[in-house]
Each structure stands twice: as structure tokens, then as C-alpha cells.
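I have placed the structure first, in the form of C-alpha cells, so that the comments after it can refer back to it.
Numbering of residues begins at 1 and proceeds along the displayed sequence. Counting starts at 1 for both ligands and their atoms, following the listed order. As a basis for the values below, the full set of heavy atoms in this structure was taken, side chains included, without hydrogen atoms, waters or symmetry mates.
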Amino acid sequence: LLSFYNWGRKSHVKTFAIGIDIGGTKTAIGLVDRQGQVKARHVIPTNLAISPTQMIQEIIYQVGRMLKGAAVDEEQVLGIGIGAPGPLDTKAGRISCPPNLPEWVDVAIVAEFEKHFPMPIAFENDATAAALAEKFFGAAQECQDFVYMTISTGIGAGLFLNGQLVTGARGNAGDIGHMMINPSYGTCICGQEGCFEWIASGTAISRKGSEIMGQPLSTKEIFQLYEEGHSLIVPYIEDVFRHIGIGCVSLINAFDPEKIVLGGGVTEVGAPLFEAVQRYVSRYALNPSGRKTPIVRAGLKQDAGLIGAASLIFGACHHPNFVES
Ligand SMILES: [Zn+2]
């Protein structure tokens, strides 16, 4: 093998996928191997002051730089997976109108990448991508049926059912953040009353917690008060946990998963959340077996988004229409 390299030739075995996770504040780019290990990563701010086209050019430039820095040839890369916030249209390769990327209206992101790279490009919403990462490398490796839910700035889900990702007609399946949970909690930014993420996302906790405390506080600060046993915040956070339980019961009743995997910043509060949700599920899921559905922590924390995006390519390798060029 050494002498092979000494001839000055490079291995053309396709070992890596490039994962790109586009978020409202930052975009992570990574080179990921088939074991889910991140060989190189680069994080840049998602610059909302420039046009989406300019931002995509910047991402494309950074992909080239990363490959060069890691001494990896394009020939060694299976493809590029892109995860982006919804709403989007994966069939058309377009980002439609994500609330946290306000200027990104009907952006043909896949076509831009195809202009620069000859390899396959995969594109899904970020929660769907993260679900696939949990299936390949995380907390759901043995599952044929599970729901991945992320609770952070917003709430979203990735559905893996009957042994495959369920994406819907345009890639927006699992947009559970705007599933109505409790209309008495007021009107969500989407216009509907009582959406899940209006009640239980990190943004909601910061908003409502600040209201209770009469001063602007971050989600982290609210959870600090919760851990200190603050008399107003403890019942409030318990109410949030109960609503996450309600959301999980709806998912269990709708999809009959083997488990629900919870990820995202809000889940860092840990045991109190998982215990409260498990307790709620054990009481209110309709099916007796559903009441036993384990609610578990995501296996991937750091780099979950970009490993998820890269996983779309590893997933595509098992797809009958996928041919390695
Ligand atoms: Zn909503």
C-alpha cells in the first residue's frame, strides 16, 4: 500500500461524503467517512446580509477549500448531502421560504451545486437528515421504525418508518413544530393558534420565561432558574415538558414507532425532561405497547447536522438508482 502511494498516485476509492448543514445563524460543512467520522469541518456564519446566491457561492468555495486542506480529491467523494430548514421542495431542489432564512425564497440550491460539482447531490430538510444520522450512527441503529424530534430554536421531526425515510411529496414531512398542541397558548408566527413550537421550543421557553420573570432571559438562564427550583419557573417548565409529552403521544399514536429519539438544545436539560415525557407517554399513549415506547436521547450531538447531511449520500448508495461514477 505504501509503495502504491509512493508512485505518486492517489487512491480513487470513494470514501467520503460532504455534508452541508445550512442553519439560520451558521452553516457547517464537513467531510464525513462511511463510519460517520468527521475528517474535516468548517463552520461559517450564514450571512443574511448577502443574497442567497452569493451565500451559496461562498459555501461552494469553502467546500473546495476544505477538500484541499484535507488533501482529498473530488474523485474520493461519493457525493454532497445538503440539509436545510423547511419549507422546501426537494423534488425541485429548491429552498422555498424558511422563516429563519427570510431572503431565501424559492432558491434553486441543488442546481447551483450541480454547476460546480459532477458528483450526486442529495437534499432534504435538516430534521430528516438528522434522523438518518441517528439511524446510521446514533441512537436508532437497530430501529426500523422511529421518530427523531429536534427541540431547539424550533421543533421538527424526521420520520424513519418501515425501514426507510418518509419525506412526503416535497420533503416537508415531519414539520411537527406547527402541529396544534394547545390553542389556549396564543397565536404562532405561522398564524395558527397553539402550535407545538410556539409552546415548547427554545424560543418559546425564552419568550414565555422572560414574560414570567419580567426581564429578558435566554433559554439557558430559564433552565438555570428551573434547576435552582424557582417557584414560578418550575411549574412553568413542568408544563412545557407535559406539552412535549403530548407531542410524543400524538407521534406514537400516528406512527407506532419503536422509539422516539429527542435531540436539540432544549434536551440538554436532561433527565427531568426525559422522565416527565416518559411518564406522560406511559399514561396517555393509546396502544398498551405504545405506552412503553422508549423516549431516548439523540446519539449525535456535535456535528449531527452535517453528519446527517452526509448520511443522505450514504443512504443514496443503497438506493437502486444510485450509480457510483
Ligand atoms: Zn405555527
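Under 4.0 Å is where a charged nitrogen must lie from a carboxylate oxygen, and between Asp106 and Arg94 at least one such pair does.
Within the 3.5 Å criterion, the main-chain N or O of Ala169 finds a donor-acceptor partner in the side chain of Lys91. Side chain of Asp303 to main chain of Leu306: no donor-acceptor pair is present (N/O by atom type, distance under 3.5 Å, no hydrogens or angles). The backbone N or O of Leu217 sits less than 3.5 Å from a side-chain atom of Ser206, completing a donor-acceptor pair.
With waters neither drawn nor counted, the protein N/O/S atoms under 2.8 Å from the Zn ion (ligand 1) amount to 4.
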* Chi angles and distances behind the side chain to side chain contact (heavy atoms under 4.5 Å, CB included) call for Met66, Leu31 -> CA-CA 8 Å; Met66 183 184 68; Leu31 193 60; 4.0 Å; yes

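Inspection of the Gln54 and Glu58 side chains reveals no N or O donor paired with an N or O acceptor under 3.5 Å.
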